[in-house]
Novice: 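Please read through the structure below; I'll follow up with questions.
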There are 2 protein chains.
Amino acid sequence: MSDTRSHPASPDTLAISLTEAIHEHRVLPGMKLSEDEVGDIYGVGRTVVRQALRSLAHDGLVSIERNRGAFVARPSVKEAREVFEARALLEPRMARAAAERTTKEDMALLRAHIADEHAALDAGQHGRALNLSGHFHVEIARIADQATVEGFIRQLVSRSSLVIALYWRRRNAMCESHAHHALLEALSAHDGAGAEELMKGHLLDLLSQLDLRDQAWTGVSLREALRP
Amino acid sequence: MSDTRSHPASPDTLAISLTEAIHEHRVLPGMKLSEDEVGDIYGVGRTVVRQALRSLAHDGLVSIERNRGAFVARPSVKEAREVFEARALLEPRMARAAAERTTKEDMALLRAHIADEHAALDAGQHGRALNLSGHFHVEIARIADQATVEGFIRQLVSRSSLVIALYWRRRNAMCESHAHHALLEALSAHDGAGAEELMKGHLLDLLSQLDLRDQAWTGVSLREALRP
DNA sequence: AAGGCGGTGATTGTGCACAATATGGCCAGG
DNA sequence: CCTGGCCATATTGTGCACAATCACCGCCTT
């Protein structure tokens, strides 16, 4: 099966496609991303695939092992904690800053975003819902007009997606849509302090939903258990 | 002039070399990094150079323009502010966390680091001193045992180097070694709150040394003025 | 029978050649 | 003299082929 995707497949485009696939849990941590295979699927040469994979590796989404290939990253428990600590450090402040700058257009965009998220959830597209849910956080940084921190948060949200894939406790409700809605209202009211607190609580909620016991070994592949 | 560098020149090695060159202000913002030229200098093919450049581009150190090439990035005034806002968000907390974990080995390392910095400064190697000075901040994040945030700070310090190249006010004293020494003492005393405050003040000092007026157009190249 | 070891296959790493595209100078027209 | 379009040139983007390296596996030795 080749040339599944239509022509416009630059390295960055491919990187975005792969990132989305990971965000939506279509490919799971530990899965091997063979250059030839990916290249055939998207109908591009290995040169492009390699660049895209390196890009993802830089964001911590895949780990490249010399002469072994690229694998979707498996964040350790420690890394998982670090990711959420970093988010707790950055995002509440971004929420505060965003609250003081939110425009009507921003509100409309966020509302549409949440609507999409609900629609995806109702349609059973958990992956897409998760992706949108993560992007909501990135949007807040964008509204705060902090492109640099926005990049960091984008990276952290990406890794959070991996963490969720590995350590999420329940399979049932992605919930948290309530938290996003509350945040949206705080933004609408330009309530910086409230938004900051809501975001802080939201992140703590997320963290509490994870099962970060040291041996939470979901056992996708046993051969890597003794690799690193 | 070819094969200036000895054999071991992997993409990552080259990326590190280029990063150091930028940190030490041996190459300045706006300078073009031709693939052929860099390849000849280091005695490697364009393939390796390209990967290294993309890596730097991902860190915001160089900007790649399609079919135009790679240039050392010229952070805008807005970006410069953002970088220091992000640092102000992350680093004080890292300093606090580091203070509670600093070991004797860490202290020895930091002292040696500062000694190197002074030596470089005395030898007139301003670039090297600046590089070491930046790495001091990264070390604090490492001591705090926060690899994820450490990566962000490494990135921010890199960009700070560009910001300093563009917007630094005085040419004379790199000073600030006093601030690092004070921080070191706070770490040694495991004074988390003190370290946090010192770091916050240190970053504000740095920021105040910059000339971030909107039209601080040092005028290296006027053609890029209307590009983005 | 267990452990060490070299052959073999597959996958990645790199250099190279060709294609695509932007740049800058040149020429024609007003 | 200035403006507009066109072509030559240089540089980057991509595919491809060869080389390097590692994992797997069967065999030999003890």
Side-chain angles (χ1 to χ4, degrees), chain A residues 2-18 27 30-58 61-74 220-228, chain B residues 1-18 27 30-58 61-73 220-228:
Chain A
S2 67
D3 208 15
T4 299
R5 190 71 62 161
S6 52
H7 263 189
S10 69
D12 297 312
T13 307
L14 178 54
I16 291 174
S17 290
L18 288 175
V27 292
M31 191 173 292
K32 180 169 171 61
L33 297 174
S34 164
E35 297 180 355
D36 281 322
E37 200 170 345
V38 176
D40 285 344
I41 291 173
Y42 286 91
V44 298
R46 278 195 345 175
T47 306
V48 174
V49 176
R50 168 174 294 268
Q51 288 182 37
L53 287 178
R54 273 187 81 92
S55 180
L56 295 210
H58 200 98
L61 274 177
V62 311
S63 67
I64 295 180
E65 304 173 28
R66 181 174 174 99
N67 287 317
R68 291 234 332 125
F71 303 83
V72 180
R74 306 184 99 270
V220 171
S221 134
L222 66 157
R223 68 178 309 166
E224 293 178 354
L226 308 174
R227 274 296 154 214
Chain B
M1 188 194 303
S2 67
D3 206 17
T4 298
R5 189 74 59 162
S6 52
H7 264 187
S10 71
D12 297 311
T13 307
L14 178 54
I16 291 174
S17 289
L18 288 175
V27 292
M31 192 172 293
K32 180 169 171 61
L33 297 174
S34 164
E35 297 181 356
D36 281 322
E37 200 170 345
V38 175
D40 285 343
I41 290 173
Y42 285 91
V44 298
R46 278 194 345 173
T47 305
V48 174
V49 176
R50 169 175 294 267
Q51 288 183 35
L53 287 177
R54 272 188 82 92
S55 178
L56 295 210
H58 199 99
L61 274 177
V62 310
S63 67
I64 295 180
E65 303 174 28
R66 180 175 175 99
N67 287 314
R68 291 237 329 126
F71 304 83
V72 180
V220 171
S221 129
L222 67 155
R223 65 179 311 164
E224 293 175 356
L226 308 175
R227 272 299 154 212

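Every chain is numbered from 1, with letters handed out A, B, ... down the list of sequences. No experiment lies behind these values; they were computed from the predicted model shown. The analysis underlying the following values was restricted to heavy atoms, covering all of them including side chains, and did not include hydrogens, waters or symmetry mates.
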Novice: Could you state the atom-to-atom distance from CZ of B/F71 to C1' of D/dT11 in whole Å?
Specialist: 10 Å

Novice: Round to a whole Å and report the spacing from CG of A/D40 to P of C/dT12.
Specialist: 12 Å

Novice: CG/A/D40 to CG/A/D36 distance, rounded to the nearest 0.5 angstrom?
Specialist: 6.5 Å

Novice: Output the rounded distance in Å from OH (B/Y42) to C1' (C/dT14).
Specialist: 19 Å

Novice: N/O contacts under 3.5 Å, protein versus nucleotides 20-22 of chain D?
Specialist:
residue: D/dT21; atom: O3'; partner: A/N67; partner atom: ND2; Å: 3.3

Novice: What is the minimum heavy-atom distance between B/P11 and A/R54, and which atoms define it?
Specialist: CB-NH2, 4.0 Å

Novice: Between A/F71 and A/E65, which heavy-atom pair has the shortest distance, and what is it?
Specialist: CD1-OE2, 3.9 Å

Novice: If you pin B/R46 and B/Q51 to their nearest nucleotides in DNA chain C, which one's is more 5'?
Specialist: B/Q51

Novice: A/E65 has an atom CD; how far is it from atom C1' of D/dA23, in whole Å?
Specialist: 12 Å

Novice: When you compare the side chain of A/Q51 with that of B/R50, does any pair of heavy atoms fall below 4.5 Å?
Specialist: yes

Novice: Using only side-chain N and O atoms of B/R50, determine if any of them is under 4.0 Å from OP1 or OP2 of D/dG13.
Specialist: yes

Novice: So if I take every side-chain heavy atom of A/V48 and compare against C/dT12, C/dG15, D/dT14, which nucleotide ends up nearest?
Specialist: D/dT14

Novice: Taking for each residue the nucleotide of DNA chain D with the nearest heavy atom, is it B/S34 or B/T47 whose nucleotide lies nearer the 5' end?
Specialist: B/S34

Novice: Would you kindly give the CG-to-C1' distance between A/L14 and D/dG13, to the nearest whole Å?
Specialist: 15 Å

Novice: Specify the separation, in whole Å, of atom CG of B/D12 and atom P of C/dG13.
Specialist: 10 Å

Novice: So, for A/L56 and A/A15, which heavy atoms are closest and what is the spacing to 0.1 Å?
Specialist: CD2-O, 3.8 Å

Novice: For a quick test of reading the model, state the closest non-hydrogen atom pair linking A/K32 to A/G69 and the distance between them.
Specialist: NZ-CA, 3.8 Å

Novice: Can you measure B/E35 atom CD to D/dA10 atom C1' for me and round it to whole angstrom units?
Specialist: 13 Å

Novice: Please tell me if A/K32 has a side-chain N or O lying less than 4.0 Å from either OP1 or OP2 of C/dT12.
Specialist: yes

Novice: Using a 4.5 Å cut-off on heavy atoms from C-beta on, say whether the side chain of A/Y42 contacts that of A/V49.
Specialist: no

Novice: Pick the nucleotide of DNA chain D nearest each of B/A70 and A/G45; which residue has the one closer to the 5' end?
Specialist: B/A70

Novice: Let me know the distance between CG of A/L33 and P of C/dT11, rounded to the nearest Å.
Specialist: 14 Å

